[in-house]
Amino acid sequence: MNKWDERFMQMAETVASWSSCYQENRHVGAVIVRDKRILTTGYNGAPAGIKSCAERGECLRRIRNIASGTMQEVCYAVHAEQNAIIQAAKMGVALDGAVMYVTHQPCVICTRMILNAGIKKVVYKNGYPDAFALELFKEAGVEIVKYDEL
């Protein structure tokens, strides 16, 4: 692991603290970089114009007793990885060949977006119960590395 990996993961953790999710353990941050330059960031939170779980004072997934790693579409929040990619699209920033640092392993939905955005490597800190996402990364030839294994 080098200083740049440390810096970018620290930035992802800082960005995660901006999350508007009601549950503390759901605070996720992503930073997309290329050539040691930050291109975009993202955290999990409600789309523009929609009340977040924090504003509502409750978590929709907890109310409906939805297990982690399942039914990702039943949530007010847009995932951190998705928000970072959406921000790039909104700003006209190409992500081809970039590296994503994210506090949690991406789910399969985010994985598909990462693959299509042309991101070549993902570094994550915390696991997530989605083995299919890992299979897709492997099949596509996109490097995915657990942060403590760098």
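Just so it is clear, the model here is predicted, and its values are computed rather than measured. Residues: numbered from 1 along the sequence shown.
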Taking all non-hydrogen atoms of both residues into account, name the closest pair between Tyr128 and Gln72 and its distance.
OH-NE2, 3.7 Å
For the atom pair CG (Leu150) and CE (Met9), what is the distance rounded to the nearest 0.5 Å?
7.5 Å
Would you call Ile32 and Ile85 a side-chain contact if the rule is heavy atoms closer than 4.5 Å?
yes
Nearest heavy-atom approach of Leu39 to Ala98 is CD1-CB, 4.0 Å
All heavy atoms of Pro47 vs all of Tyr76, minimum pair found to be CD-O, 3.1 Å
OG of Ser20 to NE2 of His27, rounded to nearest 0.5 Å, is 8.0 Å
Is there side-chain contact between Ile144 and Leu134, with heavy atoms separated by less than 4.5 Å?
yes
Distance from Ile114 atom CD1 to Met100 atom CE, nearest 0.5 Å?
4.0 Å
Separation between SG (Cys107) and CD (Gln82), nearest 0.5 Å, reads 6.0 Å
Straight-line distance of Ile119 CD1 to Met113 CE, nearest 0.5 Å
9.0 Å
Measure from the side-chain N and O atoms of Arg34 to the backbone N and O of Gly97, and report whether any donor-acceptor pair falls under 3.5 Å.
no
Shared hydrophobic cluster, Ile86 / Tyr43 (ILVMFWY, side-chain heavy atoms < 4.5 Å):
no
pair Asn126-Gln105: side-chain heavy atoms closer than 4.5 Å:
no
Check whether any side-chain heavy atom of Val145 sits under 4.5 Å from a side-chain heavy atom of Val122, and report yes or no.
no
Quick one: are Met11 and Ile38 in side-chain contact, heavy atoms under 4.5 Å?
yes
About how many Å separate OG1 of Thr111 and CG of Asp130, when rounded to the nearest 0.5 Å?
6.5 Å
So, Arg61 side chain and Met71 main chain: donor-acceptor pair closer than 3.5 Å or not?
yes
Short side-chain to backbone donor-acceptor contact, Ser52 and Gly45, under 3.5 Å:
no
Does some side-chain heavy atom of Met1 sit less than 4.5 Å from a side-chain heavy atom of Glu6?
yes
Below 4.5 Å, heavy atoms only, C-beta onward: do Cys53 and Cys21 meet side chain to side chain?
no
Does the side chain of Tyr101 reach to within under 4.5 Å of the side chain of Val33, using non-hydrogen atoms?
yes
Write down the atom of Ala30, the atom of Val102, and the distance for their closest heavy-atom approach.
CB-CG2, 4.0 Å
Assigning hydrophobic clusters by single linkage (Ile, Leu, Val, Met, Phe, Trp, Tyr; side-chain heavy-atom cutoff under 4.5 Å), is Val123 placed with Val28?
no
I'd like to know if Asp148 and Lys146 make a salt bridge, using a cut-off of under 4.0 Å between side-chain N and carboxylate O.
yes
Least distance between heavy atoms, Lys121 atom then Val142 atom:
N-CG1, 4.1 Å
Is a donor on one side and an acceptor on the other found under 3.5 Å between the side chain of Glu58 and the backbone of Ile63?
no
Using every non-hydrogen atom in the two residues, find where Tyr147 and Asp5 come nearest and quote the distance to one decimal.
CE1-O, 3.8 Å
Assess whether side-chain contact (heavy atoms from CB on, under 4.5 Å) is satisfied between Leu136 and Arg112, documenting all intermediate values.
CA-CA 8 Å; Leu136 292 181; Arg112 292 188 296 239; 4.0 Å; yes
Quick one: do Val93 and Val31 end up in the same hydrophobic cluster if we chain Ile, Leu, Val, Met, Phe, Trp and Tyr together by side-chain heavy atoms under 4.5 Å apart?
no
Asn2 side chain to Trp4 main-chain N or O, any donor-acceptor pair under 3.5 Å?
yes
Counting only N and O atoms by type, is there a donor-acceptor contact under 3.5 Å from the side chain of Asn44 to the main-chain atoms of Arg26?
yes
Is it possible for you to say whether Leu60 and Val78 belong to one hydrophobic cluster, with membership spreading through side-chain heavy-atom contacts below 4.5 Å?
no
With a 4.5 Å cut-off on side-chain heavy-atom distances among I, L, V, M, F, W and Y, is there a chain of contacts connecting Ile50 to Val74?
yes
Please check if the side chain of Thr103 supplies one atom and the backbone of Glu13 the other of a donor-acceptor pair under 3.5 Å.
no
